[in-house]
Asks: 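Here it is: the structure, laid out below.
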Amino acid sequence: MDAYELIMRNAEEVVTDEEVRELASNPDGKRAYVGYEPSGVLHLGHLLTANKLIDLQEAGLEVVVLLADVHAYLNGKGTFEEIRETAEQMRAQFLAYGLEEDQTEFVYGSEFQLDEEYTLDLHTLELETTLNRAQRAMAEIQGGETAKVSHVVYPLMQTLDIEYLDLDLAVGGIDQRKVHMLAREELPELGYDVRPCLHTPIVADLTSGEGKMSSSEGVTISMEDSTDELEDKVNSAFCPPTADPEGDLENPVLELFEYHVFPRFEEVVVERPDEYGGDITYESYEALEADLESGELHPADAKGTLASYLDELIAPGREKLREIRS
RNA sequence: CCGCCCUUAGCUCAGACUGGUAGAGCAGUCGACUGUAGAUCGACUUGCCCCCCGUUCAAAUCGGGGAGGGCGGACCA
């Protein structure tokens, strides 16, 4: 795979394709980032963007992980001290997961977001942005509740981060789209360059196959799941024998194969008793999907396989968490 | 600063006028059926009724005080 293909793999969307092609043509020294609100335990949502960061490293880019402590504070996630602690745990889990330590720069938001210059730029941005616009940009991040002033400042800071971290590419889930569009619109107003952005898909809810899998509701697979818990969760997942279920539903089991398993493994071996046809090896997601669709691969076998591969991906982080907590 | 509304199961809410220690839908859990899950049947679980004080034999319900949330008025700095 060349740099462009690596960058684009499993991306839901890229803005704009031309800008990304240019980036891919000369990735040396180029910087990409994802910002995360510190969380004590990584879940598959985090790992989806982490997979993209690994792709980008492989494509030759430098990767910046923003441990967004100030953002977490603005979002009511606790005291700075608590946030710092969970951020440190998050960093350790990312490294355990497979981000290359010497190619990954971890930055705390508070290292630069409280500087005078940054703050003044922030106020300029506040002056340029309507409440309505900022609130819409934040809508995906904060469900339901009435917005606080902190919530509308939040996306404005994300905008500035792209400049202040000296980035060439902003990465996030598709839920970050509005924030990134705001950034593309506003950065030139401050005299800064527009950067391309890349959005990863959001995996459907595991049990229902609808909408988005979220950490706040429904079943989430995380670094702290034991092998047994993981098997139970995967086994209870919605999984009709097709890649395209009726209505708006998705097949989350296939999505997990596509976005989490195949990017990290050369081949996937389905072990099954002779009674059901014996073992099968897949070298691409497409082949596995086709077999599920045709009935050659039974959903139950797909689930068992998925659970064991996810378990392998999560194991180092789980071990790291255990160390941290002991 | 003033006024109005809201607070009951994980969620959305009913019950309050006419006191008698709580309900629905959804969610969830468990079975049956499928070599998975879902769908479909069958069964089941859940509550500091926001807090404190008072009235009463008895308060989710009435009175007073307080907290949290929402909306509006006033102000036009």
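Proteins get letters first, then strands, A, B, ... in listed order; numbering begins at 1 in each.
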Asks: What integer distance in Å separates A/His298:NE2 from B/U36:C1'?
Replies: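 Roughly 6 Å, once rounded to whole Å.
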Asks: Anything under 3.5 Å between a protein N or O and an N or O of nucleotides 37-39 of chain B, put it in a table, one pair a line.
Replies:
| from | atom 1 | to | atom 2 | distance (Å) |
| --- | --- | --- | --- | --- |
| B/A37 | O4' | A/Ala237 | O | 3.3 |
| B/A37 | O4' | A/Lys303 | NZ | 2.8 |
| B/A37 | O2' | A/Ser236 | O | 3.1 |
| B/A37 | O2' | A/Ala237 | O | 2.7 |
| B/A37 | O2' | A/Phe238 | N | 3.2 |
| B/A37 | N3 | A/Cys239 | N | 3.2 |

Asks: Filter on ring pair (Phe, Tyr, Trp, His ring centres under 6.0 Å), then keep only pairs touching residues 70-109 of chain A, sequence neighbours left out; what's left?
Replies: A/Tyr36-A/Phe94, A/His71-A/Tyr154, A/Tyr73-A/Phe80
Asks: With sequence neighbours left out, which residue pairs that include part of residues 154-174 of chain A fulfil the salt bridge (charged side-chain N to carboxylate O under 4.0 Å, His left out) condition?
Replies: A/Glu163-A/Arg195
Asks: How far does the C1' atom of B/C26 sit from the matching atom of B/U21, given to the nearest Å?
Replies: 27 Å
Asks: Measuring only the P atom in each nucleotide, how far is B/C17 from B/U61? A whole number of Å is fine.
Replies: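 That atom pair is separated by 10 Å.
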Asks: Around atom CD of A/Glu246, are there more than 12 heavy atoms of other residues, nucleotides or ligands at under 6.0 Å?
Replies: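 No, CD of A/Glu246 has 12 or fewer neighbouring heavy atoms, counting only those of other groups under 6.0 Å.
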Asks: By the side chain to side chain donor-acceptor pair (under 3.5 Å) test, which pairs, at least two apart or in different chains, include something from residues 230-240 of chain A?
Replies: A/Asp225-A/Lys233
Asks: Looking at residues at least two apart in the chain, or sitting in another chain, which of them share a side chain to side chain contact (heavy atoms under 4.5 Å, CB included) with A/Asn26?
Replies: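 If we apply the side chain to side chain contact (heavy atoms under 4.5 Å, CB included) test to A/Asn26, skipping adjacent residues, the hits are A/Asp28, A/Lys30.
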Asks: How far does the C1' atom of B/G10 sit from the matching atom of B/A16, given to the nearest Å?
Replies: 25 Å
Asks: Taking atom C1' in both B/C75 and B/G66, compute the distance separating them and give it to the nearest angstrom.
Replies: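 Result for the C1' pair: 28 Å, nearest Å.
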Asks: So A/Leu321 and A/Leu42, do their side chains get closer than 4.5 Å, heavy atoms only?
Replies: no
Asks: Got a sec, which hydrophobics cluster with A/Leu127, joining ILVMFWY side chains under 4.5 Å apart, including via others?
Replies: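 Direct or chained contacts put A/Leu127 with none.
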Asks: With clusters built from Ile, Leu, Val, Met, Phe, Trp and Tyr whose side-chain heavy atoms come within less than 4.5 Å, directly or transitively, what are the remaining members of the cluster of A/Val15, listed by chain and number?
Replies: A/Met181
Asks: Could you check how far CG of A/Leu297 sits from P of B/G35, rounded to whole Å?
Replies: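 A/Leu297 atom CG is separated from B/G35 atom P by 16 Å.
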Asks: Roughly how many Å apart are B/C62 and B/C57, using the C1' atom of each and rounding to a whole number?
Replies: 16 Å
Asks: Keeping to residues at least two apart or across chains, list the ring pair (Phe, Tyr, Trp, His ring centres under 6.0 Å) pairs with something in residues 279-302 of chain A.
Replies: none
Asks: Determine the Euclidean distance between corresponding C1' atoms of B/A22 and B/G64; express it in Å to zero decimal places.
Replies: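 So the two C1' atoms sit 25 Å from each other.
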Asks: Roughly how far apart, to the nearest Å, are B/G3 and B/A58 at atom P?
Replies: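 Comparing P positions in B/G3 and B/A58 gives a spacing of 34 Å.
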Asks: Show me the dot-bracket string of RNA chain B, counting Watson-Crick or G-U pairs under 3.5 Å, with | for pairs to another strand and [ ] for crossing ones.
Replies: (((((((..((((......[..)))).(((((.......))))).....(((((..]....))))))))))))....
Asks: I'd like the C1' distance from B/G20 over to B/A60, given in whole Å.
Replies: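 Each nucleotide's C1' atom is 13 Å from the other's.
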Asks: Which parts of nucleotides 67-73 of chain B does protein reach within less than 4.0 Å, heavy atoms only, written one letter per nucleotide 5' to 3' as B for base, S for sugar-phosphate only and - for none?
Replies: ---S---
Asks: Can you run down the ring pair (Phe, Tyr, Trp, His ring centres under 6.0 Å) pairs that involve residues 113-133 of chain A, sequence neighbours left out, and say none if there aren't any?
Replies: A/Phe112-A/Tyr118, A/Tyr118-A/Tyr164
Asks: Could you check how far OH of A/Tyr276 sits from C1' of B/U36, rounded to whole Å?
Replies: 11 Å
Asks: Any ring pair (Phe, Tyr, Trp, His ring centres under 6.0 Å) involving residues 299-326 of chain A? Give me the pairs, sequence neighbours left out, ordered by first then second residue.
Replies: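 Ring pair (Phe, Tyr, Trp, His ring centres under 6.0 Å) check on residues 299-326 of chain A returns A/Phe265-A/Tyr309.
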